[in-house]
Amino acid sequence: MSTRIAFLKGHGTENDFVIVPDPENAIDLPPAAVAALCDRRAGIGGDGLLHVVRSAAHPEAEAMAAEAEWFMDYRNGDGSVAEMCGNGVRVFARYLQRAGHVTEGDLTVATRGGVKTVHIAKDGDVTVGMGRAVLPEGDVTVSVGERSWPARNVNMGNPHAVAFVDDLSHAGDLLSPPPFSPAAAYPDGVNVEFVADRGPGHVALRVHERGSGETRSCGTGACAVAVAAARRDGADPTATGAPATYTVDVPGGTLVITERPDGEIEMTGPAVIVAEGEIDADWLGTATSA
C-alpha cells in the first residue's frame, strides 16, 4: 500500500460517499478500513464507499468485463458489502466522467446487482437503469415503538420493506433498524422506507439503510417506493403498457423514477463531486487496527 491513497468525496441527493479510485484492485479495504474512512468524526465521512475498480481486475466482476469496463465495489458505511446503491452508481459515473474515463452519453457499470446502464445528460443529471423490481410473495410488517404497518416487499437487487404512513415523523429517529417480521423475509437484513403522499404521482420518504442507518437518500429505496406506490395505486406498467412515473422527495433532494412497460426502472437525479485529496495510509493502518 502506498504512503498516500487518492480519494474523492461525492454525493447524490446528499447520500454521500468516499470514492477510492483503484483501477487494478491493488488497495486492501477490509471492513474496518471502510468503517474508519466513513466515520464522520474520525475519518472522511460518508454513508458508504465507492471502490472504483476495472471489472477485469476484480474476481467478483471479471465475468462482466466484456459488458462493463468498470466495477462499483460498493461498501456500506459500517464496512459491510452491499449488492447495489442507486445514488452510488450516479456518483460513480460522475467520477468516471471527471477522471476522463467516460464522456457525456451512455455507459455501463458493473455492480454486484448486475450490469447497470447509465446516461450522463448535458444538464448534469444522471439516469441509471436500475433493472426490474422483484416483488416476493408474503406479508411483511415493520414497527417503530408501538406502531406497526404492513410493508411491501420489493427487491431491487437489494431488499426493501416499503411502509406507507400518515406522517414521516412516525418513523421515529431511525437510529437503529426498525423491527420487521417475519424474520425469514429478510435473512440478511433490509432497507426500510417510510412513505407519505405529497400529491398525485408524488411521494416523500425517510429510509433506514441496512448497515448505514438513516441516510439523506437511497436510490434503490426510491425505486422500491415508486414500484410499491404504483401497485398500491393500481398501476402495473407491464400489464397496462403505460409507463408509471413518480417524483420521490428524499431528505436530500428529489429523484424521478419511471417504471417502463418492459419492467425496467429508470432513476434520474443529480450527482456531485465536492472534494478530492489523499488518505494517509499510516493513519488508515492505525485506525484499522485500533
Side-chain angles (χ1 to χ4, degrees), residues 8-23 46-55 58 60-61 64-65 67-77 81-99 101-121 124-133 154-160 191 207 209-212 215-227 248 250 252-260 264-274:
L8 298 90
K9 178 72 182 285
H11 76 91
T13 50
E14 298 183 10
N15 193 187
D16 62 334
F17 309 96
V18 178
I19 305 162
V20 179
D22 182 21
D47 293 322
L49 183 141
L50 307 176
H51 185 205
V52 185
V53 185
R54 281 197 168 88
S55 298
H58 199 290
E60 292 184 72
M64 295 180 276
E67 296 180 76
E69 180 181 2
W70 295 96
F71 172 54
M72 186 182 76
D73 175 18
Y74 181 69
R75 318 292 183 84
N76 293 314
V81 171
E83 302 91 340
M84 241 296 284
C85 175
N87 288 317
V89 174
R90 296 202 319 280
V91 175
F92 189 94
R94 178 69 74 227
Y95 162 74
L96 293 178
Q97 182 187 32
R98 180 189 179 100
H101 298 306
V102 303
T103 59
E104 291 174 358
D106 298 327
L107 67 142
T108 53
V109 174
T111 76
R112 291 186 178 87
V115 175
K116 304 301 178 184
T117 58
V118 180
H119 180 80
I120 302 174
D125 277 353
V126 180
T127 297
V128 179
M130 299 290 287
R132 294 173 171 82
V154 183
N155 194 292
M156 287 297 310
N158 56 358
H160 296 268
N191 305 287
V207 57
E209 284 198 63
R210 178 182 56 169
S212 296
T215 59
R216 300 285 293 171
S217 181
C218 176
T220 56
C223 293
V225 164
V227 170
V248 181
V250 297
T254 298
L255 297 166
V256 177
I257 312 298
T258 298
E259 185 179 8
R260 302 189 327 217
E264 287 290 322
I265 297 168
E266 295 179 337
M267 175 185 62
T268 299
V272 181
I273 302 296
V274 299

Would you say the side chain of [Y] lies within less than 4.5 Å of the side chain of [X], judging by non-hydrogen atoms?
X: E259; Y: C223; result: no
X: L96; Y: L107; result: yes
X: R132; Y: E264; result: yes
X: V81; Y: R75; result: yes
X: C85; Y: N15; result: yes
X: I257; Y: I265; result: yes
X: F92; Y: Y74; result: no

| For the salt bridge (Lys or Arg N to Asp or Glu O under 4.0 Å) test, which of R90, K116, R260 pairs with E266? |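 Testing each of R90, K116, R260 against E266, the sole residue satisfying salt bridge (Lys or Arg N to Asp or Glu O under 4.0 Å) is R260.
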
Kindly give the heavy-atom pair with the smallest separation between [X] and [Y], and that separation in Å.
X: G219; Y: L255; value: CA-CD1, 4.4 Å
X: V250; Y: T254; value: CG2-N, 4.4 Å
X: M130; Y: G86; value: CE-CA, 3.6 Å
X: A93; Y: V126; value: CB-CG1, 4.4 Å
X: S55; Y: A110; value: OG-CB, 3.6 Å
X: M156; Y: A133; value: SD-CB, 3.7 Å

Among residues at least two apart in sequence or on other chains, which ones pass ring pair (Phe, Tyr, Trp, His ring centres under 6.0 Å) with F71?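 So F71 forms a ring pair (Phe, Tyr, Trp, His ring centres under 6.0 Å) with H58.
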
[X] side-chain N/O to [Y] backbone N/O, donor-acceptor pair under 3.5 Å:
X: D106; Y: H119; result: no
X: S212; Y: D47; result: yes
X: R94; Y: I273; result: no
X: D125; Y: T268; result: no

Regarding [X] and [Y], is there a side-chain donor-to-acceptor distance under 3.5 Å anywhere?
X: N87; Y: S217; value: yes
X: E209; Y: T215; value: yes
X: T220; Y: N158; value: yes

For the CE atom of M267 and the OG1 atom of T127, what is their distance to the nearest 0.5 Å?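 Taking CE in M267 and OG1 in T127, the distance rounds to 8.5 Å.
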
Measuring from H160:NE2 to N191:CG, what's the distance to the nearest 0.5 Å?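 One gets 4.5 Å once the value is rounded to the nearest 0.5 Å.
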
request  = Can you spot which of V52, L50, V102 makes a side chain to side chain contact (heavy atoms under 4.5 Å, CB included) with Y95?
outcome  =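 That would be V52.
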
- In terms of the angle between their ring planes, are W70 and H101 parallel, tilted or perpendicular, with boundaries placed at 30° and 60°?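 Ring orientation, 0 to 90° scale: tilted.
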
### Query
Run the side-chain contact (heavy atoms from CB on, under 4.5 Å) check on K9 and I19 step by step: do they pass?
CA-CA 6 Å; K9 178 72 182 285; I19 305 162; over 6 Å; no

For the pair R216 and D16, find out whether any cationic side-chain nitrogen is under 4.0 Å from an anionic carboxylate oxygen.
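The answer is no: the pair does not qualify as a salt bridge.
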
One pair to check against side-chain contact (heavy atoms from CB on, under 4.5 Å): Q97 and E104. What are the steps and the verdict? CA-CA 7 Å; Q97 182 187 32; E104 291 174 358; 3.6 Å; yes

Inset, instruction - Quick one: list whatever passes side-chain contact (heavy atoms from CB on, under 4.5 Å) with D22, sequence neighbours left out. - result: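 N25, A26, I27, H51.
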
